[in-house]
Protein chains: 2
Amino acid sequence: MNQSYRLSSVEIATYAKVMSDPTRLLIIKLVSKKEYCVCQFVEMFEMSQPSISQHLKKLKSFGLVEETRRGQWRFYSLNTASDAIGIVHAIINHISDQDERYIELINKERPVDCG
Amino acid sequence: MNQSYRLSSVEIATYAKVMSDPTRLLIIKLVSKKEYCVCQFVEMFEMSQPSISQHLKKLKSFGLVEETRRGQWRFYSLNTASDAIGIVHAIINHISDQDERYIELINKERPVDCG
DNA sequence: TTTATATATAAGTAAATGGTTATATAAATG
DNA sequence: CATTTATATAACCATTTACTTATATATAAA
């Protein structure tokens with residue numbers, strides 16, 4: 001592992017907490033592959049829009065995701081320039097590819113303009 | 001990475017939460033090298049004995065540490081047989097060796113019978 | 001067998017967390 | 001400009017968290 005990816009124990013604890021919510025953890029796993037807009041998350045997670053927005057706000061405030069506005073939508077993607085990119089990948093790499101919840105989410109995914 | 005170390009997203013989120021407290025994270029890093037008794041942690045962390053005991057109880061209840069009783073002391077060590085051993089190592093490997101808090105702890109370490 | 005030591009547990013509490021409903025904002029569309 | 005759509009934010013609330021103090025337990029030592 002690249003030494004530059006190592007952080008203080010307080011930072012690691014902080015990032016671990018940010019990723020310790022199952023919704024946020026799966027959002028991170030999803031955006032590590034491609035970008036998603038808020039309405040897609042709302043459909044996939046079957047959660048309220050404010051709840052999703054608040055999770056995204058937390059992920060953004062800790063620098064884990066980036067937001068880009070396009071038309072009426074805001075797209076979120078992994079911030080690969082984050083100091084935490086090392087620990088983020090380390091954690092999501094430990095999620096099984098057969099994770100039931102993740103597979104369910106992917107199956108519910110719809111193109112943006114369908115929402 | 002060994003596929004057998006992969007867990008569900010809910011499990012990973014759960015273990016991330018257990019390790020998201022700075023005290024517990026550093027306890028895990030310490031016991032990954034050698035065993036410690038409760039009174040050593042109390043001295044090193046300069047925290048109350050009940051607080052340390054409660055953190056250890058949580059780590060033990062999630063299977064991350066093992067307890068062995070010897071005389072009047074209870075020694076805690078990393079449970080290397082844990083399902084979570086992969087994610088545990090992944091996380092603590094991201095803590096810098098120069099972490100200030102960790103170095104402070106090590107400097108305060110005293111042999112058991114000195115307590 | 002009393003006393004000291006190491007640790008656990010219980011009960012209480014302030015702060016943080018993650019949801020809810022209601023409302024604000026900002027872009028697209030008629 | 002008025003309305004719809006996508007998203008954010010605010011206010012509220014129940015639950016969880018991590019500490020505190022007080023007490024229980026179990027081993028060691030006197």
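Order of the sequence lines fixes the chain letters, A, B, ..., with proteins taken first and strands second; residue numbering starts at 1 for each chain.
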Inset, instruction - Using a heavy-atom cut-off of under 4.0 Å over every strand shown, decide if Glu67(A) touches base, sugar-phosphate, or nothing. - result: sugar-phosphate
Legend entry - Option from Glu46(A), Gln40(A), Glu43(A) for which side chain to side chain donor-acceptor pair (under 3.5 Å) with Lys108(A) holds: Glu46(A)
Inset, instruction - Just report the end-to-end axis angle for the helix from dT1(C)-dA30(D) to dG30(C)-dC1(D), five pairs per end, to 10 degrees. - result: 10°
Check residues 77-85 of chain A and write down every donor-acceptor pair under 3.5 Å in which the side-chain atom is one partner and the other belongs to a residue at least two apart or another chain.
from	atom 1	to	atom 2	distance (Å)
Asn79(A)	OD1	Ala81(A)	N	3.0
Asn79(A)	ND2	Gly63(A)	O	2.9
Ser82(A)	OG	Ala84(A)	N	2.8

Inset, instruction - Let me know the distance between CD1 of Ile52(B) and P of dT17(D), rounded to the nearest Å. - result: 18 Å
Legend entry - Spatial distance of atom CD1 (Ile91(A)) from atom CE (Met19(B)) [nearest 0.5 Å]: 8.5 Å
Inset, instruction - Using atom types as modelled and distance alone, determine if a side-chain donor or acceptor of Ser53(B) lies under 3.5 Å from a backbone N or O of Pro50(B). - result: no
Inset, instruction - Determine yes or no for a side-chain-to-main-chain donor-acceptor pair under 3.5 angstrom, with Arg6(A) supplying the side chain and Asp97(B) the backbone. - result: no
Legend entry - Phosphate OP1/OP2 of dA18(D): any Ser51(B) side-chain N/O under 4.0 Å: no
Inset, instruction - Among the candidates dG19(C), dC19(D), dT7(C), find the nucleotide nearest to the side-chain atoms of Gln54(B). - result: dC19(D)
Legend entry - Ser32(A) OG to Ile95(A) CD1 distance, which is reported to the nearest 0.5 Å: 8.5 Å
Inset, instruction - Specify the separation, in whole Å, of atom OH of Tyr76(B) and atom P of dT7(C). - result: 8 Å
Legend entry - d(CG, Leu56(B); P, dC19(D)) in whole Å: 12 Å
Legend entry - Any His55(B) side-chain N or O less than 4.0 Å from OP1/OP2 of dT17(D): no
Mind listing the N/O atom pairs, protein and nucleotides 22-29 of chain C, below 3.5 Å?
none

Inset, instruction - Round to the nearest Å and state the distance from Leu59(B) atom CG to dA18(D) atom C1'. - result: 13 Å
Inset, instruction - Answer yes or no: does a side-chain N or O of Ser48(A) lie under 4.0 Å from OP1 or OP2 of dT20(C)? - result: yes
Inset, instruction - Using whole Å, report how far NZ of Lys57(B) lies from C1' of dA11(C). - result: 13 Å
Legend entry - Pairs satisfying side-chain hydrogen bond (donor to acceptor under 3.5 Å, both in side chains), at least one member in residues 58-71 of chain A, at least two apart: Glu35(A)-Arg70(A), Lys60(A)-Glu67(A), Glu67(A)-Arg69(A), Glu67(A)-Tyr76(A)
Legend entry - Atom NZ of Lys34(A): over 12 foreign heavy atoms under 6.0 Å: yes
Inset, instruction - Check for a donor-acceptor pair, side chain of Arg74(B) on one end and backbone N or O of Val38(B) on the other, with a separation under 3.5 Å. - result: no
Legend entry - Interatomic distance, Phe45(B) CZ vs dT7(C) C1' [rounded to whole Å]: 17 Å
Measure all distances between protein nitrogen or oxygen atoms and nitrogen or oxygen atoms of nucleotides 15-17 of chain C, and list the pairs falling under 3.5 Å.
none

Inset, instruction - Can you sort out the partners of Tyr36(A) under side chain to side chain donor-acceptor pair (under 3.5 Å), two or more places apart, ordered by chain and number? - result: Glu109(A)
Legend entry - Gap between atom CG of Asp21(B) and atom CD1 of Ile27(B) - 0.5 Å precision: 8.0 Å
